[in-house]
Amino acid sequence: MKRHEFLRELHKVSANRNYLEIGVNDGRSLRLSRVPSIAVDPAFKVVSELKCDVHLVKATSDDFFARDNPLAHLKGGRHPLRNLRRGRSPIGHWRRTTLDLSFIDGMHLFEYALRDFMNVEKHSDWSSVIVLDDMLPRSVDEAARDRHTTAWTGDVYKITEVLARYRPDLVTVLVDTQPTGQLVIFGADPDNTVLHDKYDEIMTEYKVPDPQKVPEAILERAGAVPPEALLEAGFWRALAPARNRGLPRRVGWEPLRRALEQVGGGARTVERWTPERATRHDPQQSAFGRRTA
């Protein structure tokens, strides 16, 4: 499955209410959105027809996130009915705006991709879905920081290792899409400051000159799951309702984590998340079923 096909299906299964894209280029990925969207690129050249209410931001992502209210376009105004007509929450003006689906495909250098994730996470929640592109380079040359190939991923693949090391609270799923794979991240915590606190330490270790020492596991796509395995997982049917009714992290995240770890491990058995099923201890507590893929 090609990356844009995967992203199209991700829009469907996540039932996202809004969308953020970093790195627009010609608009081929942005055209998949049908919800209120923000797209950020300092030099976009959109040639695709767009079918969403979008704010095109001609700026670097760092500059965009430095604004006082970067997600103002998604918030809506004070008029509830007008907000509904524009695909926004009727009371969104008075609530924190949380990103449902974000796609990071900006500058193909590790430090930029890491900062993009850090900034996106500040505006996300445990039920948000964050996707990073170009996470499975096919060669050391393609993964170089100094571009010298036609197809180029840069060294953004390092994000996978950094998150595993510094943010084990997250669940990351490498997806074997063509041509250069994607990383899907669940469990965002806007209050977590580890990456910010350790940023200089991370840069010292991971920002190194070419040639990059790309792990064999990355080049061989070891552990990357087929896109269909993630898209067909049972938890999606419950994620959107839980997110839309504001299920708190303490109730929803751990059950979702367990389901995701089954998918991420490439198991043929995946968990089905059913938060509608209550427990004796908490009437809102999520529960699980199990099905065979």
Side-chain angles (χ1 to χ4, degrees), residues 1-16 19-20 29 99-105 113-114 116-118 120-121 124-137 153 156-189 192 195 215 217-240 242-243 249 252-273 286 288 290-293:
M1 183 181 290
K2 293 183 178 179
R3 63 175 181 171
H4 290 115
E5 294 176 274
F6 175 69
L7 190 58
R8 178 186 294 112
E9 295 305 311
L10 205 54
H11 275 279
K12 294 177 183 177
V13 297
S14 69
N16 56 302
Y19 176 63
L20 171 70
S29 51
L99 294 168
D100 288 351
L101 177 62
S102 301
F103 182 51
I104 299 174
D105 186 23
L114 181 61
D116 284 342
F117 170 75
M118 292 164 60
V120 167
E121 186 179 30
S124 300
D125 203 353
W126 69 269
S127 58
S128 302
V129 181
I130 303 173
V131 184
L132 286 94
D133 201 25
D134 298 308
M135 303 302 291
L136 294 170
T153 66
V156 297
Y157 69 88
K158 298 171 184 175
I159 295 289
T160 303
E161 181 179 333
V162 167
L163 294 183
R165 179 174 171 183
Y166 288 91
R167 293 294 307 278
D169 55 300
L170 301 171
V171 172
T172 60
V173 183
L174 271 173
V175 184
D176 190 9
T177 52
Q178 298 299 323
T180 50
Q182 289 163 315
L183 184 71
V184 184
I185 303 171
F186 298 86
D189 182 355
N192 191 300
L195 295 177
I218 292 292
L219 296 174
E220 296 175 1
R221 302 191 171 212
V225 304
E228 296 82 3
L230 182 59
L231 293 170
E232 295 172 7
F235 65 80
W236 291 111
R237 290 190 296 274
L239 180 60
R243 176 195 66 209
R249 184 184 189 90
W253 171 232
E254 282 304 320
L256 178 58
R257 170 195 277 276
R258 291 195 295 269
L260 285 163
E261 287 175 344
Q262 291 295 318
V263 178
R268 289 197 52 82
T269 302
V270 298
E271 300 282 3
R272 184 164 59 87
W273 182 29
S286 302
F288 283 84
R290 184 179 292 270
R291 71 177 177 88
T292 301

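Each residue takes its place number in the sequence, starting with 1.
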Next item on the list: Would you confirm whether Glu121, through its side chain, and Asp189, through its main-chain N or O, come within 3.5 Å as a donor-acceptor pair?
Entry: yes
Check: Of the options Val162, Leu195, Thr172, which is the one that meets Arg167 in a side-chain contact (heavy atoms from CB on, under 4.5 Å)?
Finding: Leu195
Note to self: Side chains of Trp236 and Leu230, heavy atoms from C-beta outward: is any pair under 4.5 Å?
What the structure shows: yes
Next item on the list: Look at the side chain of Arg249 and the backbone N and O of Ser127, then say whether any donor-acceptor pair between them is shorter than 3.5 Å.
Entry: no
Next item on the list: Only one of Ile104, Leu20, Val184 passes side-chain contact (heavy atoms from CB on, under 4.5 Å) with Ile130; say which it is.
Entry: Ile104
Check: If we only count heavy atoms from C-beta on, is the Leu174 to Thr160 side-chain gap below 4.5 Å?
Finding: yes
Check: Is there a donor-acceptor contact under 3.5 Å from the side chain of Arg243 to the main chain of Ser14?
Finding: yes
Margin query: To the closest 0.5 Å, what do you measure between CD1 (Ile185) and CG (Leu163)?
Written below: 5.0 Å
Next item on the list: May I ask you to decide if Pro137's main-chain N or O and Thr153's side chain share a donor-acceptor pair within less than 3.5 Å?
Entry: no
Next item on the list: Check the pair Asn16 / Leu10 against side-chain contact (heavy atoms from CB on, under 4.5 Å), numbers first and verdict last.
Entry: CA-CA 9 Å; Asn16 56 302; Leu10 205 54; over 6 Å; no
Check: Do NZ/NE/NH1/NH2 and the carboxylate oxygens of Glu254 and Arg257 come within less than 4.0 Å?
Finding: yes
All N/O donor-acceptor pairs, side-chain side in residues 1-9, below 3.5 Å, sequence neighbours left out:
| residue | atom | partner | partner atom | Å |
| --- | --- | --- | --- | --- |
| Arg3 | NH1 | Asp133 | OD2 | 2.3 |
| Glu5 | OE1 | Lys2 | N | 3.0 |
| Glu9 | OE2 | Lys12 | NZ | 3.3 |

